[in-house]
Engineer: 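First the structure, which I've put down as structure tokens, then a few questions once you've had a look.
Each chain gets a letter, A, B and so on, in the order its sequence line appears, and its residues count up from 1. Everything numeric in this text was worked out from a predicted model, so none of it was measured. Side chains are part of it too, since the values below use all heavy atoms of this structure and drop only hydrogens, waters and symmetry mates.
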Amino acid sequence: MPELPEVETIRRGLNRDLRGRKIIGLWTDWPKYFSAITSGKLQKGEATFRRHVLGKEITGVTRRAKNILIHLEEKSGGEHLLLVHQKMSGHLMIGKWQRANRKLLQELEEKWQNQKWIPAAPKGPLADPKNRFIRVVFFLDNGEMLALSDLRRFAKLVCGPKKLVLNLPELKKLGLEPLERAFTYKKFREALDRKRGRVKLVLLDQTRISGVGNIYADEILWFSKIHPLRRIEFLKDIEKKTLYRAIKFILKRGLRYRGTSIDDYRDARGRRGKYDLVRYAYQREGEPCRRCGVKIRRIKIAGRSAHFCPACQTLRHRMS
DNA sequence: ACAATATCCTGCGAGC
DNA sequence: TGCTCGCAGGATATTG
């Protein structure tokens with residue numbers, strides 16, 4: 001579900017509200033989510049993961065592509081990272097659970113674990129009907145909880161020493177961060193060098209430019225007036241420049257509107273994003289193009305929907 | 001090297 | 001109402 005603007009919006013919320021908090025409990029109904037790395041080996045399952053996170057303090061929350069990185073306890077002992085990828089339907093949210101002392105929380109946690117109790121907070125962000133699929137709960141020392149709602153159970157959580165986590169292939173292989181200063185036109189061209197294939201799939205390829213997903217890929221291409229089936233290797237220089245500018249413009253715009261809440265996306269405190277109100281192409285099939293009025297079309301590319309304006313976004317490069 | 005497909009899951013809305 | 005089908009924001013593994 002979340003792409004760069006959504007993940008970054010969530011990250012900012014988490015960074016503001018989680019810094020200084022200690023993780024004092026963990027509940028889940030889906031142990032498959034978890035893995036932990038120790039001495040380079042990836043251990044699947046909840047047990048080792050639990051040992052890595054319990055009792056640690058959160059020192060900050062950063063982001064790499066669509067991954068959220070929760071930094072744990074850098075002062076005493078080595079810094080650990082808790083990597084969360086929310087995939088299609090995951091949402092990290094903070095909800096007030098209750099004020100209670102540590103002992104009581106531990107007792108409750110054991111109880112819930114045994115009874116497979118599913119926490120359903122009656123108030124606050126977790127009461128959102130779209131985000132009631134709570135699969136993981138981190139209990140915090142201030143009576144709040146960091147919860148993962150994830151209907152489809154695709155999310156992924158890994159914990160381990162900072163260096164080992166940063167060396168995971170899913171982080172190592174990632175391409176340029178499009179909103180960083182280092183994302184220059186020169187770097188963009190280098191990343192595209194010798195890359196071939198349909199431009200839409202290139203935008204979705206996280207090893208070139210990271211953070212763009214299906215929504216913003218369609219938005220970027222609409223804004224660039226480039227047809228999603230065009231081949232990257234045949235784009236003219238001027239089109240590549242347009243594409244480069246559009247990537248930055250659209251992602252910033254998405255971030256400014258705090259993400260897209262067509263469906264169930266909410267920020268860490270349960271607030272909707274508003275980009276869907278101003279979107280150009282994504283899931284606007286049959287609606288008029290905001291430039292020319294022609295109806296937006298939908299096609300399938302590699303099994304995923306692509307929305308575009310058949311008049312503005314032509315398959316042939318237009319001189320003009 | 002590339003492209004298309006299957007896979008991990010669950011819920012929802014459309015259409016019959 | 002009740003069923004089946006298609007669809008969903010991601011990434012990886014597999015197959016051709």
Engineer: Is the shortest side-chain N to carboxylate O distance from A:Lys162 to A:Glu79 below 4.0 Å?
Structural biologist: yes
Engineer: Specify the separation, in whole Å, of atom CG of A:Asp218 and atom P of C:dG10.
Structural biologist: 10 Å
Engineer: Choosing from C:dG10, B:dT10, C:dA8, which nucleotide comes nearest the side chain of A:Leu151?
Structural biologist: B:dT10
Engineer: Take atom CG of A:Leu192 and atom C1' of B:dC2, then tell me their distance rounded to the nearest Å.
Structural biologist: 16 Å
Engineer: Considering only nitrogen or oxygen atoms on both sides, find all protein atoms under 3.5 Å from nucleotides 11-13 of chain C and state each distance.
Structural biologist:
{"residue": "C:dA11", "atom": "OP1", "partner": "A:His85", "partner atom": "NE2", "Å": "2.7"}
{"residue": "C:dA11", "atom": "OP2", "partner": "A:Lys66", "partner atom": "NZ", "Å": "2.8"}

Engineer: Is there, by distance only and without an angle test, a donor paired with an acceptor across the side chain of A:Arg153 and the base of B:dC9 below 3.5 Å?
Structural biologist: no
Engineer: Give every pair of a protein N or O atom and an N or O atom of nucleotides 3-7 of chain B that lie under 3.5 Å apart, one pair per line with the distance.
Structural biologist:
{"residue": "B:dA3", "atom": "OP1", "partner": "A:Arg231", "partner atom": "NH1", "Å": "3.1"}
{"residue": "B:dA3", "atom": "OP1", "partner": "A:Arg231", "partner atom": "NH2", "Å": "3.2"}
{"residue": "B:dA4", "atom": "OP1", "partner": "A:Arg198", "partner atom": "NH1", "Å": "2.9"}
{"residue": "B:dA4", "atom": "OP1", "partner": "A:Arg198", "partner atom": "NH2", "Å": "3.4"}

Engineer: Roughly how many Å is it from CG in A:Asp150 to P in C:dG10, rounded to a whole number?
Structural biologist: 14 Å
Engineer: If you assign A:Lys32 and A:Arg194 each to the DNA chain B nucleotide with the nearest heavy atom, which residue ends up on the more 5' nucleotide?
Structural biologist: A:Arg194
Engineer: Please determine whether a side-chain nitrogen of the Lys or Arg among A:Arg153 and A:Asp29 lies less than 4.0 Å from a carboxylate oxygen of the Asp or Glu.
Structural biologist: yes
Engineer: B:dC2 P sits how many Å from A:Arg208 CZ, rounded?
Structural biologist: 7 Å
Engineer: Could you tell me if the side chain of A:Phe49 sits less than 4.5 Å from the side chain of A:Leu82, heavy atoms only?
Structural biologist: yes
Engineer: Taking the side chain as everything from C-beta on, heavy atoms only, tell me whether A:Arg269 gets closer than 4.5 Å to A:Asp17.
Structural biologist: yes
Engineer: If you check every side-chain atom of A:Phe133, which of B:dG11, C:dC7, C:dG10 has the closest atom?
Structural biologist: B:dG11
Engineer: Between B:dC9 and C:dG2, how far apart are the two C1' atoms, rounded to whole Å?
Structural biologist: 23 Å
Engineer: Give the rounded distance in Å between these two atoms: CD1 of A:Ile262 and P of C:dC7.
Structural biologist: 16 Å
Engineer: For residues 168-179 of chain A, which residue pairs pass the salt bridge (Lys or Arg N to Asp or Glu O under 4.0 Å) check, not counting sequence neighbours?
Structural biologist: A:Arg63-A:Glu177, A:Arg64-A:Glu177, A:Lys156-A:Glu170
Engineer: Can you hop from A:Val165 to A:Val84 via hydrophobic side chains spaced under 4.5 Å?
Structural biologist: no
Engineer: Reading DNA chain B 5' to 3', what string of ( ), [ ], | and . shows its pairs, if Watson-Crick and G-U wobble pairs count only when both distances fall under 3.5 Å?
Structural biologist: .|||||||.|||||||
Engineer: Heavy atoms within less than 4.0 Å of DNA chain C: which residues of residues 272-287 of chain A have one? Give them sorted by number.
Structural biologist: A:Tyr282, A:Gln283
Engineer: Between C:dG10 and B:dA1, how far apart are the C1' atoms? Round to whole Å, please.
Structural biologist: 23 Å
Engineer: Can you check whether A:Phe154 stacks with the B:dC9 base, using ring centres under 5.5 Å and planes within 30°?
Structural biologist: no
Engineer: Given side chains that start at C-beta, do those of A:Gln313 and A:Leu221 come closer than 4.5 Å, heavy atoms only?
Structural biologist: yes
Engineer: Give the rounded distance in Å between these two atoms: CG of A:Leu4 and C1' of C:dG10.
Structural biologist: 14 Å
Engineer: Can you tell me the distance, in whole Å, between the CG atom of A:Asp264 and the P atom of C:dC7?
Structural biologist: 19 Å
Engineer: Is A:Thr260 touching bases, backbone alone, or none of the nucleic acid, heavy atoms closer than 4.0 Å?
Structural biologist: base
Engineer: Under 4.0 Å between a side-chain N/O of A:Ser305 and OP1 or OP2 of C:dA8, yes or no?
Structural biologist: yes
Engineer: Relative to A:Trp222, does A:Arg291 satisfy both conditions: NZ or CZ under 6.0 angstrom from the six-membered ring centre, and within 45 degrees of the ring's axis?
Structural biologist: yes
Engineer: About how many Å separate CZ of A:Arg297 and NZ of A:Lys295, when rounded to the nearest 0.5 Å?
Structural biologist: 12.5 Å
Engineer: Given the ring of A:Tyr185, does A:Lys241 sit roughly above its face, with NZ or CZ under 6.0 Å from the centre of the six-membered ring and within 45° of the axis?
Structural biologist: yes
Engineer: Is any side-chain heavy atom of A:Arg298 closer than 4.5 Å to a side-chain heavy atom of A:Arg284?
Structural biologist: no
Engineer: Would A:Arg135 pass as a cation-pi partner of A:Trp30, given that its NZ or CZ must be under 6.0 Å from the six-membered ring centre and within 45 degrees of the axis?
Structural biologist: no
Engineer: Ring-plane angle category for A:Tyr275 and A:Tyr257, please: parallel below 30°, perpendicular beyond 60°, tilted otherwise.
Structural biologist: perpendicular
Engineer: What's in the same ILVMFWY side-chain cluster as A:Leu229, cut-off under 4.5 Å, chained through other members?
Structural biologist: A:Leu201, A:Leu204, A:Ile299, A:Ile301, A:Phe308, A:Leu315
Engineer: Report yes if the side chains of A:Met145 and A:Ile94 come closer than 4.5 Å at any heavy-atom pair, otherwise no.
Structural biologist: no
Engineer: Roughly how many Å is it from CG in A:Leu203 to P in C:dG10, rounded to a whole number?
Structural biologist: 12 Å
